[in-house]
Number of protein chains: 2
Amino acid sequence: MKFFGNIYYLYTKDLFKIKMKRKVTLKQISKELDVSISTVSKALRNSKEISEDTREKVQAFAKLYNYRPNNIALSLKNRKTKTIGIIIPEIVHHFFSKVIRGIELVANKQGYNVIVGLSNESFDKEVINMEMLANGSIDGFILSISKETLLQQDYHHFNETISQGMPIVMFDRVINDIKCDKVIVDDVQGSKKAVNKLVENGCKKIAIITTKDYVSVGKLRTQGYLEALDENKIHPEASLILKVDDKLVSEDYLDILEREIEHLFKSNKKLDGVFAVNELYAITAMKVARKFGKHIPNDIQVIGFTDGVLSKHATPSLTTVSQHGQKIGEKAAELLIHKLEHEDEEEQFQTIVIETELVERESTK
Amino acid sequence: MKFFGNIYYLYTKDLFKIKMKRKVTLKQISKELDVSISTVSKALRNSKEISEDTREKVQAFAKLYNYRPNNIALSLKNRKTKTIGIIIPEIVHHFFSKVIRGIELVANKQGYNVIVGLSNESFDKEVINMEMLANGSIDGFILSISKETLLQQDYHHFNETISQGMPIVMFDRVINDIKCDKVIVDDVQGSKKAVNKLVENGCKKIAIITTKDYVSVGKLRTQGYLEALDENKIHPEASLILKVDDKLVSEDYLDILEREIEHLFKSNKKLDGVFAVNELYAITAMKVARKFGKHIPNDIQVIGFTDGVLSKHATPSLTTVSQHGQKIGEKAAELLIHKLEHEDEEEQFQTIVIETELVERESTK
DNA sequence: TGTTAACACGAAAACGTTTTCGTTGCGAAT
DNA sequence: ATTCGCAACGAAAACGTTTTCGTGTTAACA
């Protein structure tokens with residue numbers, strides 16, 4: 001007990017540290033017990049190279065001092081960190097936080113940690129964040145692409161990390177011709193379910209409130225809307241399609257949104273159905289409808305996309321297309337971890353489609 | 001160019017890897033350039049020990065092959081990881097994700113990464129997550145305590161990590177007698193602001209919908225309610241205090257909540273003001289009020305706590321006590337990073353109180 | 001007695017850095 | 001002709017592990 005005796009502490013500079021039990025290392029244990037580092041290591045891993053005597057002695061000592069192997073040292077040695085890097089555009093967002101929860105769930109179960117970077121919808125922050133993590137901190141990425149990146153169509157950072165042997169799994173906002181696994185929802189199908197529901201319920205004039213086309217999911221949902229109309233022999237009308245520009249997240253963003261929707265209502269007096277590609281658009285549509293004295297769902301029926309808090313707790317509660325964010329996260333994590341632990345197998349990439357589900361609530365008949 | 005020539009690749013097993021540019025290390029560069037590892041390292045750090053000639057040569061080569069120092073190796077050497085561990089009870093939650101955003105913001109600005117663990121309100125998961133991270137993966141914790149931990153009052157894991165020299169910053173749900181920095185909102189003051197507002201607006205019978213007392217913030221907010229009543233010479237009534245048990249997050253949780261609030265309304269016909277300690281309770285109270293044919297804010301005024309999506313987008317929109325989650329996160333990160341980078345300074349702990357703000361919307365007059 | 005085999009352990013390399021402390025070679029000063 | 005000093009570089013340790021490959025001791029066997 002040379003090292004851990006009280007004498008030692010008398011020599012430390014900072015008095016307050018007297019009560020500190022610094023993390024103990026193999027080397028320290030080996031000195032205490034007068035054996036080699038290798039012996040300690042082996043004893044702790046129950047190697048049968050070591051006699052029962054010393055094995056017990058070492059393990060008892062290690063337990064007493066609460067020895068835990070240093071993760072960083074292990075990472076360096078194994079060249080694996082057992083942590084997953086997540087890059088998402090925004091965390092204050094029901095869908096993304098559900099995805100994270102899903103990732104964390106399966107990652108943790110398999111002994112992985114999760115480290116989060118936020119791009120804040122910015123290309124530069126996306127790149128910087130990825131570079132920070134790609135230098136050894138993580139084993140692979142799970143990410144959803146920022147709007148700015150989608151707009152600029154500059155994907156070199158993805159290709160570079162992939163070519164360095166670091167696997168990526170993309171979800172929700174993905175790029176087709178990048179060599180990685182993908183987890184997406186069937187946006188087209190989901191939209192069709194929604195629009196079909198409205199048609200079934202007797203709607204004749206159905207509007208869509210969507211984003212500009214560079215947001216891939218917005219584009220796909222618009223496509224689903226159009227296809228559904230077509231299948232129901234309804235002629236699409238330009239005035240029924242509202243494409244909101246959500247590039248600028250300014251202060252008066254909400255007001256602008258509201259005014260645009262008001263305009264939509266005004267120019268379509270006979271409007272009796274609204275399909276919105278996200279919760280906010282849907283909620284705002286309901287608000288505007290109320291303003292115009294329309295009753296939901298009697299006069300106008302509304303369906304949203306994404307089953308978040310807003311949909312659940314709005315009044316009337318919102319019928320919506322649920323994308324199962326948590327399941328997306330779980331699947332993405334499974335894909336990534338599989339790839340990490342079977343690196344030898346031949347390279348091939350999957351795109352997994354998570355089924356959407358129409359959750360019916362009070363905003364439809 | 002012995003190593004990087006094409007010849008090398010012909011010998012690799014996996015053909016698909018031919019296009020891989022594996023991460024390059026100091027050792028590889030040193031071999032290529034026929035200098036020592038030390039020289040390369042120094043050259044890259046612009047040491048004036050190295051001649052301009054070789055310095056340029058090395059830097060050019062490094063740039064060409066996109067050399068980046070390996071984070072893990074640096075962490076091991078410096079015994080600092082430059083990453084912060086966050087443990088929170090739940091991520092699908094507006095307040096917590098705002099806090100994370102705040103943490104990430106200042107952490108990133110200072111070159112730190114952020115690694116997230118979810119306790120899911122469970123004591124065990126909290127402990128396991130902390131142990132996973134405490135073994136070298138991070139430099140310090142920012143955390144909010146799980147309900148189960150608060151209930152069991154078992155704080156050994158906090159004390160242990162602290163005594164191992166790893167600093168902790170707690171936010172929102174904190175324990176007083178643990179030696180660490182804390183960032184809290186002034187729950188008592190916040191509640192008083194809300195209740196005072198209701199009194200000012202003419203409310204005579206003000207109810208509170210709160211949690212059981214083991215949730216520290218619930219207890220404090222209840223205390224604020226009582227103090228405000230007292231200061232306004234209003235006698236508190238037991239029947240106006242509803243303490244909801246949110247331990248079990250079951251399926252019919254919402255129904256139970258609604259029924260309890262209905263009971264509150266029934267047993268207090270003259271109810272004209274409601275203060276709820278979170279968004280959900282407030283929203284549900286508004287729902288129940290509507291059910292009872294009461295108009296908001298004319299018949300009943302409602303104020304909530306936490307300025308999340310629900311408050312903003314509810315109809316009527318909800319007057320609420322904003323806690324500034326993002327600012328809490330920013331402050332917590334500042335505190336932790338300061339402690340990490342001034343370890344020598346004498347130990348003393350701060351508790352920072354973030355002012356709440358009453359955001360007035362449509363649910364009050 | 002000499003060989004062998006099992007047993008129990010230690011030395012050292014490796015992961016990728018940084019940094020301290022040499023060690024050269026060479027021109028200048030004595 | 002020495003000594004000195006400086007410039008330019010390399011060796012090695014250290015961070016904390018795991019693992020391979022010795023090596024010495026002892027017991028068993030021929």
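The sequence lines fix the lettering, A, B, ..., with proteins before strands; numbering per chain opens at 1.
Taking atom CD of residue A:Glu56 and atom C1' of nucleotide C:dA8, one finds them 15 Å apart after rounding to whole Å. Straight-line distance from the CG atom of B:Asn71 to the C1' atom of C:dC15: 15 Å, rounded to whole Å. Here C:dC7 presents its C1' atom at 13 Å from CG of A:Asp53, a figure rounded to the nearest Å. We find that NZ of B:Lys48 is positioned 11 Å from C1' of D:dA7, with the value rounded to whole Å. Distance A:Asn70 CG to C:dC15 C1': 13 Å, rounded to the nearest Å. One interatomic measurement links the two molecules: CG of A:Asn46 to P of C:dC9, which rounds to 14 Å at whole-angstrom precision. Here C:dC7 presents its P atom at 13 Å from CD of A:Glu52, a figure rounded to the nearest Å. If you measure from atom NZ of B:Lys27 to atom P of D:dG10, you get 16 Å, rounded to the nearest angstrom.
Residues meeting the side-chain contact (heavy atoms from CB on, under 4.5 Å) test with A:Leu76, sequence neighbours left out: B:Ile72, B:Ala73, B:Leu76. Under the side chain to side chain donor-acceptor pair (under 3.5 Å) criterion, B:Gln59 pairs with B:Asn46, not counting sequence neighbours. Residues forming a side-chain contact (heavy atoms from CB on, under 4.5 Å) with A:Lys57 (at least two apart in sequence, or on another chain): A:Leu33, A:Thr54.
Ranked by how close their nearest DNA chain C nucleotide is to the 5' end, B:Thr25 and A:Ser36 are led by A:Ser36. Looking at which nucleotide of DNA chain D each of B:Leu76 and B:Ile50 is closest to, the 5′-most match is held by B:Ile50.
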List, one per line, each side-chain donor-acceptor pair under 3.5 Å for residues 104-115 of chain A, sequence neighbours excluded.
{"unit_1": "A:Glu104", "atom_1": "OE2", "unit_2": "B:Leu118", "atom_2": "N", "d": "3.2"}
{"unit_1": "A:Tyr112", "atom_1": "OH", "unit_2": "A:Glu341", "atom_2": "OE2", "d": "2.8"}

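Checking the phosphate oxygens (OP1, OP2) of D:dC9, a side-chain nitrogen or oxygen of B:Thr54 falls inside 4.0 Å. Between C:dA14 and A:Arg79, no contact under 4.0 Å exists linking OP1 or OP2 to a side-chain N or O. A sub-4.0 Å separation between OP1 or OP2 of C:dC9 and a side-chain N or O of A:Ser51 is present.
Among the heavy atoms of the strands, none lies under 4.0 Å from A:Arg55.
The existence of a salt bridge linking B:Glu160 and B:Lys179 is excluded, since no basic side-chain nitrogen approaches an acidic carboxylate oxygen closer than 4.0 Å. Between A:Lys82 and A:Asp139 there is no salt bridge, since no side-chain N of the basic residue sits under 4.0 Å from a carboxylate O of the acidic one. With salt bridges taken as basic N to acidic carboxylate O contacts below 4.0 Å, none links B:Glu330 and B:Arg101.
The stretch residues 127-141 of chain B has no heavy atom under 4.0 Å from DNA chain C, so no residue of it qualifies as close.
Looking only at atom types and distance, the side chain of B:Glu126 has a donor-acceptor partner in the side chain of B:His157 under 3.5 Å away. Using modelled atom types and a 3.5 Å distance limit, the side chains of B:Asn71 and A:Ser137 yield a donor-acceptor pair.
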What N/O pairs connect the protein and nucleotides 18-22 of chain D at under 3.5 Å? Give each pair on its own line.
{"unit_1": "D:dT18", "atom_1": "OP1", "unit_2": "A:Arg45", "atom_2": "NE", "d": "3.1"}
{"unit_1": "D:dT18", "atom_1": "OP1", "unit_2": "A:Arg45", "atom_2": "NH2", "d": "3.0"}
{"unit_1": "D:dT18", "atom_1": "OP2", "unit_2": "A:Ser41", "atom_2": "OG", "d": "2.9"}
{"unit_1": "D:dT18", "atom_1": "O2", "unit_2": "A:Lys77", "atom_2": "NZ", "d": "3.4"}
{"unit_1": "D:dT20", "atom_1": "O4", "unit_2": "A:Lys42", "atom_2": "NZ", "d": "3.3"}

